[in-house]
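In what follows, a structure is listed as structure tokens, so that the remarks can point back to it.
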Amino acid sequence: MIKLVENIEEAALVYKHLTCDKAPVLAAGMFTEGFGVNQDFLQLYSAFNDNGKLCAAFVKCNDRVFCLINELYNEDEIKLFLDGFADFNIFISAEYSYIMTRKDYQVCALMSKHSNISLNTSDKLREIDSNTFTNIIMQGKTREQLIRFLLNNSHLQRHGYIKNYALKANDEVVSIGSLYRNKTHSYLCNVFTPEQFRHKGYGSKLINCITEYADECHLICTENVSELYKKCGFTIYAKWIEFLY
């Protein structure tokens, strides 16, 4: 049976048994280490068989559900479980994409980068507060979406699990991005360049500056990988399927 993970010890057991793609596991692990389990913005679910082997694990993070499935589990139970997240984006291992039948889906690439670069642009990179970051990245979003993003992001930043960065040119913010970090891995996300500043090299400068501080960095992007990430040294190591309800 798929059940909510209710404490750190249970979460550690789930992560110990997971052998699937890294990025969502790393992100969930960092959240769990910092804030425990069963938070408003983060919940972890798992299913073990009678022999104590992990069969499936699910991470709900904000408006996404990551299906971290080690082996084919009870198909009906998985469908019933995911039907409870009808308003969420669902990510599931491509190997088991046949479990769900959805009309709209998108293949997502998991990418990683080992960084050993050193640039002279870091003097233009500044850590910024969550409110400023939110107002830039959530342009055009609803007030509800803006508030939810701000609450989650500010909580993470306040506790030191995320840093929000901005690249400036002529005293204007031209590109932004975030970096989650733990002792061994980093997770790049929230990369955004306002439309009026695109195609000028600001995004790649930002990414290179941010990842300069991370020996190994991971991210999730669409199947049609932006040349921006390839240019910055990221390579694909796995794929996921995003099911859109």
Worksheet, complete the sentence: Exactly one of L4, L44, V5 clears side-chain contact (heavy atoms from CB on, under 4.5 Å) with E10, and that residue is V5
Discussion item. Do V173 and L167 make a side-chain contact, defined as non-hydrogen atoms from C-beta onward lying under 4.5 Å apart?
Written reply: no
Worksheet item: Any side-chain heavy atom of N190 sitting closer than 4.5 Å to one from I176?
Response: no
Item to complete: Write down the atom of T193, the atom of G203, and the distance for their closest heavy-atom approach.
Response: OG1-CA, 3.9 Å
Worksheet item: Step by step, would you call K231 with N208 a side chain to side chain donor-acceptor pair (under 3.5 Å)?
Response: CA-CA 10 Å; K231 180 180 178 181; N208 283 330; over 6 Å; no
Worksheet item: Is it true that a side-chain atom of N153 and a backbone atom of F149 form a donor plus acceptor pair closer than 3.5 Å?
Response: no
Worksheet item: Does L125 reach the side chain of L206, with side-chain heavy atoms less than 4.5 Å apart?
Response: yes
Worksheet entry | Same cluster (ILVMFWY, side-chain, under 4.5 Å), F192 and L188 | no
Worksheet item: Going hydrophobic residue to hydrophobic residue with side-chain gaps under 4.5 angstrom, can you get from V191 over to V225?
Response: yes
Worksheet item: Is any side-chain heavy atom of Y45 less than 4.5 Å from a side-chain heavy atom of Q43?
Response: yes
Practice prompt. Carefully, step by step, assess E195 and R198 under the rule salt bridge (Lys or Arg N to Asp or Glu O under 4.0 Å).
Written response: CA-CA 5 Å; E195 187 172 355; R198 294 174 187 171; 5.1 Å; no
Worksheet item: Is it true that a side-chain atom of N51 and a backbone atom of K53 form a donor plus acceptor pair closer than 3.5 Å?
Response: no
Worksheet item: Hey, does N164 have a side-chain heavy atom less than 4.5 Å from the side chain of D129?
Response: no
Response to the item:
So NZ of K230 and CG of L228: to nearest 0.5 Å the spacing works out to 11.5 Å
Fill in: F58 with F85, same ILVMFWY side-chain cluster at under 4.5 Å
yes
Discussion item. Does R143, at its CZ atom, have more than 12 non-hydrogen atoms belonging to other residues, nucleotides or ligands within less than 6.0 Å?
Written reply: no
Worksheet entry | OH on Y165 to CZ on F133, rounded to 0.5 Å | 11.0 Å
Discussion item. Just so I know, are the side chains of K113 and T235 near enough to count as touching, which here means a heavy-atom distance under 4.5 Å?
Written reply: no
Worksheet item: Taking atom CG of N135 and atom CG of L150, what is their separation to the nearest 0.5 Å?
Response: 8.0 Å
Worksheet item: NZ/K205 to CD1/I210 distance, rounded to the nearest 0.5 angstrom?
Response: 14.5 Å
Worksheet item: Can you tell if the side chain of K3 reaches within under 4.5 Å of the side chain of S46, non-hydrogen atoms only?
Response: no
Item to complete: Using the side chain to side chain contact (heavy atoms under 4.5 Å, CB included) rule, take F48 and L13 through it: C-alpha gap first, then chi angles, then the decisive distance, then the call.
Response: CA-CA 11 Å; F48 288 83; L13 184 63; 4.0 Å; yes
Practice prompt. Output the distance between atom SG (C217) and atom NE2 (H114), rounded to the nearest 0.5 Å.
Written response: 10.5 Å
Discussion item. Run the side chain to side chain contact (heavy atoms under 4.5 Å, CB included) test on L219 and Y229 for me, step by step, so that the C-alpha distance in whole Å, both residues' side-chain angles and the decisive distance to 0.1 Å come before the verdict.
Written reply: CA-CA 10 Å; L219 66 85; Y229 296 119; 3.6 Å; yes
Worksheet item: Does the E77 side chain pair with the main chain of I2, one donor and one acceptor, at a distance under 3.5 Å?
Response: yes
Worksheet item: Applying the 4.5 Å side-chain criterion to the ILVMFWY set and letting contacts propagate, would I162 and L146 be lumped into a single cluster?
Response: no
Worksheet entry | Y180 ring center within less than 6.0 Å of Y187 ring center | yes
Discussion item. Between Q145 (side chain only) and K141 (backbone N and O only), is there a donor and an acceptor less than 3.5 Å apart?
Written reply: no
Discussion item. Strictly distance-based, threshold 3.5 Å: is any side-chain N or O of S130 a donor or acceptor partner for the main-chain N or O of S154?
Written reply: yes
Item to complete: Determine yes or no for a side-chain-to-main-chain donor-acceptor pair under 3.5 angstrom, with N170 supplying the side chain and E172 the backbone.
Response: no
Discussion item. Working to the nearest 0.5 angstrom, can you tell me the gap between Q157 CD and S178 OG?
Written reply: 8.0 Å
Worksheet entry | Heavy-atom donor-acceptor pair, K168 side chain to R126 backbone, under 3.5 Å | no
Worksheet entry | Donor-acceptor pair, side chain of T132 and main chain of I128, under 3.5 angstrom | no
Discussion item. Ring centres under 6.0 Å, that's the criterion: do H218 and F234 meet it?
Written reply: no
Discussion item. Applying a strict under-4.5 Å side-chain criterion to I, L, V, M, F, W and Y, I'd like to know whether I207 and I236 cluster together.
Written reply: yes
Worksheet item: So, do R148 and E144 sit near enough that their side-chain heavy atoms are less than 4.5 Å apart?
Response: no
